[in-house]
Amino acid sequence: MNISRFMPGPGVRWPVGGDMLRWLFCPTPQAVAFALRNTIASIVALAIALWMELDSPQWAVATVWSVAQVRRGESMSKARWRIVGTLVGAVAAVVFIAAFPQQSWLFFPAVATWIGLCSFLATFCLNFRSYAFVLSGYTCSIIAVAAASAPDNVFFIGISRATYIILGVVCEAGMAMLFTISLSTRAQATMVAQVENVLHRLGTLLREIVLHDRDTLVHAGEFSDMVVSVHQGLEFPAIEMGRQVHAGDHARAVLAEVSILLTRLVGLSGGAERAMLADDGVMADTRGQLLHLCDRLAACRLKSGALDGVRAQVMHLRTLFERRAARGDQETTRITHGVLAATMDDLETALEHCHAIFSPPPHDRFRFHLGGHRDIRLAFYNGLRGAAAIMLAAFVYECTAWPGGMGFIAITTLVCGLFATRENPVVGTTRFLSGAVWSAVAAGSLDLWILPYLTDYEEFAFVLGVFLFVGGLAKCNRGTAGAAAAYGLLMPNLLMPGNQSRVDEITFLNGAFHTVLAVGLSVLVFRLVLPFRARDERLRFGMHIRGELRRLCLVPLPPSPQWWIGTSVDRIGRMVRHAAQEGDRTATAGIRLMLMFSSVGLNILLLRQIKRQRRDTVSDVITELLRVLVRYRPVSPRGVAMVRATRRRLAHMEKADPGNARLLEVLACLDGISRTATACIAAMTAGVE
């Protein structure tokens, strides 16, 4: 049948139902390739598992779909960490079974504690490294629960699970290699496109800063969210390009330099506005030069001559601003141009790293890591939720002696582990539950209505491939990806194919019931036990960063500005994402506050860098100020008063030595602290009222 006859033509709007199913009837070529390669890999993995007569061959299929990602680098990373997590979890299962044989109320708390610990540690890791932690948790539970009734077989069960996990990983990797062409070239193009997009957004945001748009700070928060997303995604094209290539490190350095540049300008905002709006020909020319640079950045292409042209313009502007900072007539003008010269230096460094992405220097050994926020309270909550869910499932099993109770515990552990890796564990739980229901429907259709009429593996593989192919298409669609993840993971488990066995109606219904019930219990736990709220997160971040600002003045070995900016950008990006997920329109003030806190911290670190350059009167004044700020806190009325008093003292020194670059840098930092701290105090006071 020619299905195209029933599809809307070009320019024709889909009906509501058709638009919802467009991913199924009109998929993209990338979605078809993804679904086809993983369907074939699943069929091959299942055939090998049946040939090896493994006890649970369905887990080989589930592993293929668990590891499979649209990007090849994501699949490679997830496969590697899945193997690591499986091996660690298998060892833990053997230890628990050996330590607590036939002692359920020592065994279950031990497993719950292990799950909680793995979920706690997973919160501190990025990407699939966190997946390895939670996988070691629920792998331990699955093996230990399966071996609880036969402790002597725990080693063989663990070896069996590791075997079909590795089998699924190898089949997925082998099939992906056949479907992947010029992987390194495509990965480099992806990385270049991501960095270009950052530069384009930077050009737009710089234009708003120069023109003093009132929504600049809000857009700066959105830019931070974009930087965090790009940073997390850079790991995968870097894996595709190979370990010997350091393009990913250069790209992360670009993000750090760009973020520092923006934070400098946030601290300059008040003084820059007065200077830019002044009736001064020099400042008018500066504004025009910056606007022209913004236009160049907004249209910049890394692989063309445009990048060299932008670099030349940035170097020219840095020299120009340094000269104007040294020879300016007014103090505000000199300080403004000094900060602008520093931002041009940051931008020049970022463009050098951009060039190194596609044209690395010889014998490149560059390494760079961008810091991130580590939320201890969220980690504790995730661990507590996981442990509570396991103990509740174990309590139900012990009270009811339910034959499917052990499977109920295992699936509960699996789902809790998967959601523990998320920043906002509540998001996506409902879609995952709907995917579990659809997996039960699909497996029931196969087990009860189709498989009884099939006589050989080829027929079964064809029918199963149709169901898996649909799941693959759904996984490539953003609206159905969450449900498809549950479908690919749980449907093979409910199917339970075997060499000499077929699932009967009672066995299937019991398995489907405890699977869906386990997912439902996990959803309830994440929604009811210490539920995640974006507003509480913002308050927690605010309290945490105010304490950090005092520590920045005190610690003997302060962090680098890159680390501080990376951590701050990570916090701001999370706030933006979580506010968007919850539809919270009151988050704007909190995002602005975090940006200003970040600017205060950056200026404190810059002051400490200036102090370390050499020992003189200026460094002694900075040391005195930092000691006072530890006592009174940087963001407090008394702290601001001390900063202003120090600024007046150094301003008199600058008048005696006009154009002193060191004094101008210190005055710029003090101005940034004073303005942003004052704005923070006003915002916090307004919030309290």
Side-chain angles (χ1 to χ4, degrees), residues 253 256-257 259-269 271 325 335 338-343 345-346 349 368-373 544-571 594-636 638-651 653-654 657 660-678 680:
E257 295 296 334
S259 300
I260 290 176
L261 182 155
L262 286 177
T263 309
R264 285 184 192 270
L265 293 180
V266 168
L268 182 67
S269 56
I335 293 175
V339 176
L340 291 176
T343 60
D345 187 59
D346 294 333
T349 303
F368 189 85
H369 175 69
L370 192 62
H373 177 70
H544 186 75
I545 197 171
R546 286 197 291 273
E548 281 189 338
L549 291 178
R550 292 184 72 176
R551 289 191 289 273
L552 291 181
C553 301
L554 178 66
V555 292
L557 296 175
S560 65
Q562 288 80 5
W563 181 90
W564 170 256
I565 291 301
T567 304
S568 301
V569 166
D570 190 15
R571 293 191 189 108
M594 290 298 295
L595 281 165
M596 291 185 287
F597 280 144
S598 176
S599 176
V600 172
L602 177 63
N603 282 297
I604 291 174
L605 291 175
L606 293 177
L607 281 177
R608 297 196 65 168
Q609 283 188 346
I610 296 171
K611 183 174 76 77
R612 289 195 301 269
Q613 290 175 359
R614 64 174 181 266
R615 185 68 181 269
D616 56 7
T617 305
V618 175
S619 64
D620 293 338
V621 172
I622 295 174
T623 301
E624 293 176 8
L625 174 63
L626 293 175
R627 290 174 179 172
V628 171
L629 291 181
V630 172
R631 180 180 179 184
Y632 294 128
R633 299 191 306 275
V635 182
S636 67
R638 297 185 71 175
V640 172
M642 297 307 300
V643 170
R644 290 175 176 172
T646 304
R647 191 215 183 277
R648 288 192 293 270
R649 180 179 174 184
L650 292 175
M653 297 172 61
E654 199 272 338
D657 185 13
N660 186 317
R662 182 175 168 84
L663 282 172
L664 287 176
E665 290 180 23
V666 176
L667 289 174
C669 293
L670 295 178
D671 282 347
I673 295 174
S674 176
R675 294 191 193 101
T676 50
T678 302
C680 288

- Closest approach of V628 to M642 (non-hydrogen atoms, all atoms of both residues): CG1-CG, 3.4 Å
- Task: Would you indicate whether the side-chain heavy atoms of Q613 and R662 approach each other to under 4.5 Å?
- Result: yes
- Query: Given K611 and D620, is the salt bridge (charged side-chain N to carboxylate O under 4.0 Å, His left out) satisfied, shown in steps?
  - Reply: CA-CA 8 Å; K611 183 174 76 77; D620 293 338; over 6 Å; no
- How far does CG of L670 sit from CG of L607, to the nearest 0.5 angstrom? 5.5 Å
- Closest heavy-atom contact between G639 and L629? O-CD2, 3.8 Å
- Between N603 and R264, is any pair of side-chain heavy atoms under 4.5 Å apart? no
- Message: side-chain contact (heavy atoms from CB on, under 4.5 Å), that's the test. Do V635 and M596 meet it? Break it down for me.
- Response: CA-CA 10 Å; V635 182; M596 291 185 287; over 6 Å; no
- Heavy atoms only: give me the nearest H544-H373 pair and the separation to one decimal. CD2-CE1, 4.0 Å
- Query: Do side-chain atoms of S599 reach the backbone of L595 as a donor and acceptor pair under 3.5 angstrom?
  - Reply: no
- Message: Within the structure provided, determine whether C680 and F597 are in side-chain contact (heavy-atom separation under 4.5 Å).
- Response: yes
- Task: Could you list all the side chain to side chain donor-acceptor pair (under 3.5 Å) pairs where at least one residue sits in residues 639-649, not counting sequence neighbours?
- Result: E331-R647, E624-R649, R644-S674, R644-T678, R647-D671
- Give, for atom CG of L340 and atom CD1 of I335, the distance between the pair rounded to the nearest 0.5 Å. 12.0 Å
- Query: Just wondering, do I545 and R571 contact through their side chains at under 4.5 Å, heavy atoms?
  - Reply: yes
- R608 side chain to L552 backbone, donor-acceptor under 3.5 Å: yes
- Note on the structure: Residues A668 and V339: closest non-hydrogen pair is CB-CG2, 3.3 Å
- Task: May I ask you to test the E257-Q562 pair for a side-chain heavy-atom distance under 4.5 Å?
- Result: yes
- Nearest heavy-atom contact between V600 and A677 is CG2-N, 4.0 Å
- Nearest atoms (heavy-atom pairs only) where I565 meets A256: CG2-O, 4.4 Å
- Query: If you round to the nearest 0.5 Å, how far is CG of D616 from CD1 of I622?
  - Reply: 8.0 Å
- Are I604 and W564 close enough that some pair of their side-chain heavy atoms sits under 4.5 Å apart? no
- Query: In Å and rounded to the nearest 0.5 Å, what is the OG to CD distance from S598 to E548?
  - Reply: 10.5 Å
- Query: Are the side chains of Q609 and L606 in touch, meaning some heavy atoms are under 4.5 Å apart?
  - Reply: yes
- Item | Atom pair CZ/OH of R627 and Y632 - distance to nearest 0.5 Å | 14.5 Å
- Rounded to the nearest 0.5 Å, what's the gap from CD1 on I673 to CG on L625? Could you check? 6.5 Å
